[in-house]
*Asks:* 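Just passing along the structure, written as structure tokens.
Convention: sequence-line order gives letters A, B, ...; per-chain numbering from 1. All values below were derived from every heavy atom in this structure, side-chain atoms included, with hydrogens, water molecules and symmetry-related copies excluded. Keep in mind the model is a prediction, meaning the values are calculated, not measured.
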Amino acid sequence: MLFFCSYAYLCSLKNDKVLSMSIELQLKNKVLEAIQQMYGQSVDSENIQIQKTRKDFDGDFTLVVFPLLRISKKPPEQTATEIGEYLKKNIDDISEFNVIKGFLNLTLNTCFWISFLNSVGQKKDFGYITDKEKPNTVLVEYSSPNTNKPLHLGHIRNNLLGYSVAKIIASQGDNVFKVNLVNDRGIHICKSMLAWQKWGDGITPQKAGKKGDHLVGDYYVKFDQEYKKQIEELIKQGLSEDDAKKNAPLILEAQEMLRKWEAKDSETIALWKEMNHWVLEGFDVTYKNMGIDFDRVYFESDTYKLGKEIVLEGIEKDVFIKREDGSVWVDLTDEGLDQKLLLRADGTSVYITQDIGTAHQRFADFNADELIYVVGNEQNYHFQVLKLIMNKLGYNFAEYLFHLSYGMVELPEGKMKSREGTVVDADDLMDEMIRTAEEMSRELGKLDEYSESEKAQINRTIGLGALKYFILKVDPKKNMTFDPKESIDFNGNTGPFIQYTYARIQSVIKKAQLRNKLIPADVQTNTTTTAKELQLIKQIYSFPEVLFDASETLSPAVVANYIYDLAKDYNQFYHELPILNEENENISMFRLFLSQQIGRIIQSGMNLLGIDVPERM
RNA sequence: GGUCUAGUAGCUCAGUUGGAUAGAGCAACAGCCUUCUAAGCUGUGGGUCACAGGUUCGAAUCCUGUCUAGAUCACCA
């Protein structure tokens, strides 16, 4: 290598994991040093703000000098200039600087950036942390469906979030286990069982030619319809609405069925097993289609009694209160909440009782350090209470329970309502997305020369990519609207746009091979570059930080938006500058290499979102 | 009523330890394919960052209050 710069030098000395952040650190230390030298004072390092220079200004990193004026006792411009001169003199990688108001913009030399790019090329999983000193064991519990109806759009958000967050956390060096807690018991399950028994006439998924979850869902709806009729009838007979709801024969029968189930009545259990089996088979198809999976599946029918003993122990510890009627409560009024029931007067468990038990069991089963629940924001209160209770019980893992609370997916006219048939079914939506991808491909004539199976594969990748990206690009905690009439876009800030960019890069790489151009393992650090190319390298530089941030905030949206920006900027580069057609061989190789690295990052980032990228489209 | 979350362009969304002139996409309009994939690129228009105060060199961002929307406060899950 002709040129020599400190980044390459440092790389040869140390493991470069640390270095990804190190230039900022180096700058920060030098600024501290400069202030000490020039103004004879030491500052809190918090006051040294190094940030990336905004696109519309010249420079790579910016020091905000306003907080330092107190010490320099000089105007902003002068302070910035003095520090700039010091840094330029003392850091080899700084090639120039400029000052605008109180902002000191520092530019690193091209050699630094190209050396960095070379180091990215050598790394297997750039941005991943592979050698964390003390990896945590993290459980991500997500999906957690009820086995009485098929999955809908809300579950899609849950599943995609859980799957992606698990991957993102794993990328930062922790051991992650994905767990599913299937809610396969309770009154709602009995409702569809009862309706099937009454009106199903022995129908099965095979006979009906229908997925099991959909078939069972039909009977859940049927129950509701018939139940409503009975309520109306009773109201006509003069009952109040409340009484009618409580005394309708159907609900009484369902309750009786639940009692039989709990008493392990063999007939009831047999029916329950059969129908649950249908549903779970259906879910497996949906999960597989969606491309998500679990390391371990729990069933509520196994776990619903857990927690009772812990609650009873809690009474002895005086953490909980037992009332005269025998019910057990926790008093959270000091924490600004209410009293909460933990065991019914008849000694049976409620929902939160079970969660106390399963939390305990999860930590024990996996020797876990953290437990993340991916659950909708309608249960914020529940998890707040759960955490407080675990805390009161003295579990030190209480502070490592996290509720990844995501917002509801709403339709333009409001919430989805299964009773009103406005639910967007997960299977239907995925199918529709794939169909739309097929139509687009056909219209654009993109896949004409490929075989049917190749076409199907690519359209699937694109259709699901559009859906997944559409959902994951939104900050999890925010509610989002989905308009079924305006189908999900394939242009602009979308999954297919990013996939297209990836396919484009692969196409260039393939063409390079055809022209016998070999992509080098690294490129010359003295290559002439444009601002656009340097900007792309700087964006690559941010990737590790983005993953770290996404992992900390449990937000795939951070990754999604980053990848979009990267793809957008790459497309500009692609349009402005020739790669293979560039006459200067060094430059051509550099651009090819840069393209390859960006392709890798797009793939890596999309992978963390659970989205595949096609080699062509 | 208490608690929590959100409110940014017509629509969907970015903007995260407070920093420079608040950004994308969609939709609308005008351009760019004999050259590496036009699912792309370029340009135009579009804003009282819900509102009012406060904190300070500086606020979409932090604090207080108000308004709006949603969630939740069950011997349901």
*Asks:* Is the distance from the ring center of A:F103 to that of A:F66 below 6.0 Å?
*Replies:* yes
*Asks:* By the 4.0 Å heavy-atom rule, please label A:L592 as base, sugar-phosphate, or nothing.
*Replies:* nothing
*Asks:* For the pair made of CG in A:D448 and C1' in B:U37, what is the distance, rounded to whole Å?
*Replies:* 13 Å
*Asks:* To the nearest Å, how far apart are A:D338 CG and B:C4 P?
*Replies:* 13 Å
*Asks:* Touch check for A:T481, heavy atoms < 4.0 angstrom, all strands: base, sugar-phosphate only, or nothing?
*Replies:*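 Touches sugar-phosphate only.
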*Asks:* Which is true for A:F470 with a 4.0 Å heavy-atom rule: it touches a base, it touches only sugar-phosphate, or it touches nothing?
*Replies:*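 Answer is nothing: A:F470 stays at 4.0 Å or more from every strand.
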*Asks:* Can you label the angle between the A:Y304 ring and the A:W261 ring as parallel, tilted or perpendicular, going by 30° and 60°?
*Replies:*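 Because their plane-to-plane angle lies in the 30° to 60° range, the rings of A:Y304 and A:W261 count as tilted.
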*Asks:* When you measure from the side-chain N and O atoms of A:K101 to the phosphate of B:U21, is any distance below 4.0 Å, counting only OP1 and OP2?
*Replies:*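 So the side chain of A:K101 is within the cut-off, an N or O lying under 4.0 Å from OP1 or OP2 of B:U21.
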*Asks:* How far, in whole Å, is B:A22 from B:A59 if one measures between their P atoms?
*Replies:*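 So the two P atoms sit 13 Å from each other.
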*Asks:* Applying a 3.5 Å limit to both distances, which nucleotide forms a Watson-Crick or G-U wobble pair with B:U56?
*Replies:*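 When the pairing criteria are applied, nothing turns out to pair with B:U56, so the answer is none.
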*Asks:* Closer than 4.0 angstrom, basic N to acidic O: yes or no for A:R616 and A:E454?
*Replies:*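 The answer is yes: the pair qualifies as a salt bridge.
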*Asks:* Which base, if any, makes a Watson-Crick or G-U wobble pair with B:A74, both distances under 3.5 Å?
*Replies:* none
*Asks:* Checking contacts here: which listed nucleotide (B:U37, B:G40, B:G19) is nearest the side-chain heavy atoms of A:Q51?
*Replies:*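 Of B:U37, B:G40, B:G19, B:G19 is nearest to the side chain of A:Q51.
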*Asks:* Starting at atom CG of A:D489, determine the distance to atom C1' of B:G40, rounded to an integer number of angstrom.
*Replies:*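 Atom-to-atom, A:D489 to B:G40, this comes out as 15 Å.
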*Asks:* Salt bridge or not for A:E256 and A:R259, using N-O below 4.0 Å?
*Replies:* yes
*Asks:* In whole angstrom, what separates A:K55's NZ from B:A22's P?
*Replies:* 16 Å
*Asks:* So what's B:A24 paired with, Watson-Crick or G-U wobble, going by both distances under 3.5 Å?
*Replies:* B:U12
*Asks:* Return the orientation label for the A:F482 and A:F470 ring planes: parallel under 30°, perpendicular over 60°, tilted otherwise.
*Replies:*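 Rings of A:F482 and A:F470: perpendicular, over 60°.
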*Asks:* What's A:M408 touching, base or sugar-phosphate or nothing? Going by heavy atoms closer than 4.0 Å.
*Replies:*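 The residue A:M408 makes no contact with any strand.
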*Asks:* Report the distance from atom OH of A:Y562 to atom C1' of B:G23, rounded to the nearest whole Å.
*Replies:*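 My rounded result for the distance is 18 Å.
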*Asks:* Check every strand shown and say whether A:D565 touches a base, only sugar-phosphate, or nothing at a heavy-atom separation below 4.0 Å.
*Replies:* nothing
*Asks:* Describe the nucleic acid contact of A:V64 in one word from base, sugar-phosphate, nothing, applying a heavy-atom distance below 4.0 Å.
*Replies:* base
*Asks:* Identify whether the glycosidic angle of B:C33 places it syn (within 90° of 0) or anti.
*Replies:*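 Glycosidic conformation of B:C33: syn.
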*Asks:* Does B:A6 have a Watson-Crick or wobble partner in any strand here, with both distances under 3.5 angstrom, and which is it?
*Replies:* B:U68
*Asks:* For A:E77 and B:A20, what is the distance between atoms CD and P respectively, to the nearest whole Å?
*Replies:*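 Roughly 16 Å, once rounded to whole Å.
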*Asks:* Quick one: label A:F66 by what it contacts on the DNA or RNA (base, sugar-phosphate, nothing), any heavy atom closer than 4.0 Å.
*Replies:* base
*Asks:* Quick one: look up who B:C49 pairs with, Watson-Crick or G-U, both distances under 3.5 Å, and put none if it's unpaired.
*Replies:*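 Pairing partner, where one exists within any strand: none, as none qualifies.
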*Asks:* What interatomic distance, in whole Å, is found between P of B:C63 and the corresponding atom of B:U5?
*Replies:*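 Here B:U5 and B:C63 have their P atoms 10 Å from each other.
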*Asks:* With a non-hydrogen cut-off below 4.0 angstrom, is A:P67 in contact with a base, only sugar-phosphate, or nothing?
*Replies:* base
*Asks:* Classify the nucleic acid contact of A:N581 as base, sugar-phosphate or nothing, counting any heavy atom under 4.0 Å across all strands shown.
*Replies:*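 If one applies the 4.0 Å heavy-atom cut-off, A:N581 turns out to touch a base.
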*Asks:* Under 4.0 angstrom, heavy atoms only, what part of the nucleic acid is A:K477 near: base, sugar-phosphate, or nothing?
*Replies:*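 Contact class for A:K477: sugar-phosphate only.
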*Asks:* What is the pairing partner of B:C41, taking Watson-Crick or G-U wobble pairs with both distances under 3.5 Å in any strand?
*Replies:*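 Matched B:C41 with B:G31 under the 3.5 Å cut-off.
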*Asks:* Looking across every strand, which nucleic acid part, if any, lies under 4.0 Å from A:L343 by heavy atom: base, sugar-phosphate, or nothing?
*Replies:* nothing
*Asks:* A:F543 and A:Y562: aromatic ring centres closer than 6.0 Å?
*Replies:*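 Centroid separation for A:F543 and A:Y562: below 6.0 Å.
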*Asks:* Given the rule in the side-chain contact (heavy atoms from CB on, under 4.5 Å) test, do A:L181 and A:T303 qualify, once you have shown the distances and angles that lead to the verdict?
*Replies:* CA-CA 9 Å; A:L181 175 58; A:T303 64; 3.9 Å; yes
*Asks:* Output, in order, the C-alpha distance, side-chain angles, deciding distance and verdict of side-chain contact (heavy atoms from CB on, under 4.5 Å) for A:K478 and A:Y406.
*Replies:* CA-CA 7 Å; A:K478 288 192 177 176; A:Y406 62 91; over 6 Å; no
*Asks:* Which of these nucleotides, B:A71, B:C4, B:C36, is closest to any side-chain atom of A:N377?
*Replies:*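 Side chain of A:N377 sits closest to B:A71.
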*Asks:* Provide, to the nearest angstrom, the distance between the NZ atom belonging to A:K473 and the P atom belonging to B:U12.
*Replies:*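 Distance check: A:K473 NZ to B:U12 P gives 11 Å.
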*Asks:* State whether the distance check finds a donor on one side and an acceptor on the other, under 3.5 Å, for side chain A:N105 versus base B:A20.
*Replies:*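 In this structure, the two groups form a donor-acceptor pair.
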*Asks:* Reckon A:T62 touches a base, only the sugar-phosphate, or nothing at all at heavy-atom distances under 4.0 Å?
*Replies:*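 Here A:T62 touches the bases of the nucleic acid.
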*Asks:* Within the structure, does a side-chain N or O atom of A:R344 lie under 4.0 Å from either OP1 or OP2 of B:A74?
*Replies:* no
*Asks:* Expressed as a whole number of Å, how far does the C1' atom of B:U64 sit from that of B:G70?
*Replies:*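 Here B:U64 and B:G70 have their C1' atoms 23 Å from each other.
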*Asks:* Just to be sure I understand the rule, does A:Q354 reach a base, reach only the sugar-phosphate, or reach nothing, if contact means heavy atoms closer than 4.0 Å?
*Replies:*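 The answer is nothing, as A:Q354 stays clear of every strand by at least 4.0 Å.
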*Asks:* Whether A:K568 contacts B:G40 is assessed here as follows: a side-chain N or O lying under 4.0 Å from the phosphate OP1 or OP2. Is that the case?
*Replies:* no
*Asks:* Between B:C36, B:U16, B:A14, which one does the side chain of A:L580 approach most closely?
*Replies:*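 Nearest listed nucleotide: B:C36.
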*Asks:* Looking only at atom P, what distance separates B:A60 and B:G23, rounded to whole Å?
*Replies:* 12 Å
*Asks:* Nearest whole angstrom, please: distance from the C1' of B:C76 to the CG of A:L258.
*Replies:*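 So the CG-C1' distance, A:L258 to B:C76, works out to 12 Å.
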*Asks:* Determine if A:Y381 stacks with B:A71; use a centre-to-centre distance below 5.5 Å and an interplanar angle below 30° as the criteria.
*Replies:*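 Stack criterion not met.
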*Asks:* Hey, is A:F103 doing a stacking thing with B:G19, by the 5.5 Å centroid and 30° angle criteria?
*Replies:* no
*Asks:* Any heavy-atom pair between the side chains of A:N148 and A:K191 that's under 4.5 Å?
*Replies:*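 No, too far: nothing below the 4.5 Å cut-off.
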*Asks:* Just checking A:Q384: base, sugar-phosphate only, or nothing, at a heavy-atom cut-off of under 4.0 Å?
*Replies:*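 Here A:Q384 touches no strand at all.
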